[in-house]
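Here the structure is laid out as structure tokens; the discussion comes afterwards.
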Amino acid sequence: MPAFGILGAQWGDEGKGKIVDFLAEQATMVVRFSGGNNAGHTVINNKGEFKLHLVPSGVFWQHVTPVIAAGVVVDLAQLIEEIDALEERGVDTQRLVLSDHAHVVMPYHVQLDHLEEQARGNNAIGTTGRGIGPAYVDKAARVGIRTGDLLDEAYFAQRLEPVVAQKNALLTKVYGAEPIDEAAIYKQALEYGARLRRYVGSAEQVVGQALRHGERVVLEGAQGAMLDLDHGTYPYVTSSSPMIGGALTGAGVGPHQIAGAVGVFKAYSTRVGGGPMVTELDDEVGNEIRERAWEYGTTTGRPRRVGWFDGVAARYSAQVNGFTSCVLTRLDVLDGISPVRLCVAYELDGKRLEDFPSVLSVLERCEPVWEDLPGWTNPTAGATRFAQLPEEAKGFILRLQQVIGTPIDMISTGPKREETIVVRQIVS
Ligand code: IMP
């Protein structure tokens, strides 16, 4: 059972990139299974600092095959730019496999993402503006273009024509925008397709074969469970499934092939865009965490909303993913802050709620029930063994583990590969 899902357990930006890069050493394949270039994964290793949006974080290991699977939506220009930038810095991308089933984010998706957000006014979702929602809409409506379609000019033309007609009606009649130039879009997509042709193939076959051979495969999540289309804080969510279910569908693997669903949690919470955030901090501590941890979007540069760890959301996330194990990241950001707060329940109309409310209007009215724990003055930054941690930090981790209800098997104490504590081997 050699596949492991490494999944965002909060609202994304938990530091999955570093964790996937770290665990990839023991794998032969890293598979991105959902989302698109709305994600921004930062990896710092012996080659430098990299910000990846589409290319799987395992690309830095020569023995790893990076795979972009069917569940991902791909902005071709962005992917080409990322491949070129990696190659320029000496990172070999030749092994990359791009699923011929992966849908393409077309220029009209990006345009529509912006127009739809404008039209939402005060109810804007705060999307990343990368065309992700509109691309998944077309996928579900069965009018999407897949990377494999670009390899057959006539078939691509046949698929594109009715979509452009429909998008032009939408753009001109609903949004009063200029129509799109079908010929230009067609030509450009074919050029991108030709450029990427060497990578395009059946990702399911490649992944399936690795699993049949008993190889270890890391399924790399993007975004986080609270942004899941089904289980997140709808409608303030992304348009894909960043959870373990999405990993199975997006990568094309079966449940018996999954050895672990690993939830990556940050030691506090952040959220980008709109939607409720019960533990949000609107004070100096929040600002300090934001600046110290540089909580600004990797993709958009937007300041992230910051809050204390939300134990209610964490328990829910663990439940809907069936986490077998957790990773705690950015512990070092809390060094020197005291007390450290933890939300253990919500309160609504004088009643204590232990479970995450499923109705948004209820969630919006919830207040946090805090538990204050003593902070620590000795730094955790750079620690590589649990025993090295200050007693207060150990106490915080053990309490988080209790609240989530799943063991914390790895702790990240800094952005570099080696700044990691392995409490128990996750990928074995
Ligand atoms: P979209 O995925 O661009 O449609 O954005 C929908 C929501 O998901 C917005 O609140 C975004 O800020 C959020 N989102 C999408 N991708 C990420 C991510 O990688 N990290 C954090 N938030 C994200």
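Note that ligands are numbered from 1 as they come in the structure, with each ligand's atoms numbered from 1 the same way.
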Does [X] come within less than 4.0 Å of ligand 1, judged by its heavy atoms?
X      : value
Ala222 : no
Ser239 : no
Tyr236 : no
Arg304 : no

Identify, for [atom], the protein heavy atom at the shortest distance, and state residue, atom and that distance.
atom                    : value
atom 10 (O) of ligand 1 : Val272 O, 3.0 Å
atom 9 (C) of ligand 1  : Gly126 O, 3.2 Å
atom 17 (C) of ligand 1 : Gln223 CG, 3.6 Å
atom 3 (O) of ligand 1  : Thr128 OG1, 2.6 Å

I'd like to check which ligand 1 atoms, numbered from 1 as shown, lie under 4.0 Å from a non-hydrogen atom of Trp11.
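Those of ligand 1 that fall under 4.0 Å from Trp11 are 21 (C), 22 (N).
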
Close-contact set for ligand 1 against Gly273 heavy atoms, below 4.0 Å:
10 (O)

Using a strict cut-off of less than 4.0 Å between a Lys/Arg side-chain nitrogen and an Asp/Glu carboxylate oxygen, indicate whether [X] and [Y] qualify as a salt bridge.
X      : Y      : value
Glu191 : Arg195 : no
Arg304 : Asp13  : yes
Glu280 : Arg271 : no
Asp349 : Arg365 : yes

Ring centre gap for Phe396 and Phe309 strictly below 6.0 Å
no

Do Asp332 and Thr413 have a side chain donor and acceptor closer than 3.5 Å?
no

Can you spot which of Val163, Asp138, Leu160 makes a side chain to side chain contact (heavy atoms under 4.5 Å, CB included) with Met106?
Leu160

In terms of ring plane angle, is the pair Phe50 and Phe60 parallel, tilted or perpendicular, where the classes change at 30° and 60°?
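Ring orientation, 0 to 90° scale: tilted.
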
Considering only heavy atoms, which of [options] lies nearest to [atom]?
atom                    : options                        : result
atom 1 (P) of ligand 1  : Leu229, Thr270, Val237, Thr238 : Thr238
atom 14 (N) of ligand 1 : Asp13, Leu227, Asn38           : Leu227
atom 5 (O) of ligand 1  : Thr127, Thr233, Val73          : Thr127

Before signing off on this row, confirm whether Arg302 and ligand 1 have an N or O atom pair separated by under 3.5 Å.
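So ligand 1 has an N or O lying under 3.5 Å from an N or O of Arg302.
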
Derivation of the side-chain hydrogen bond (donor to acceptor under 3.5 Å, both in side chains) call for Ser269 and Asp310
CA-CA 7 Å; Ser269 307; Asp310 185 337; 5.8 Å; no

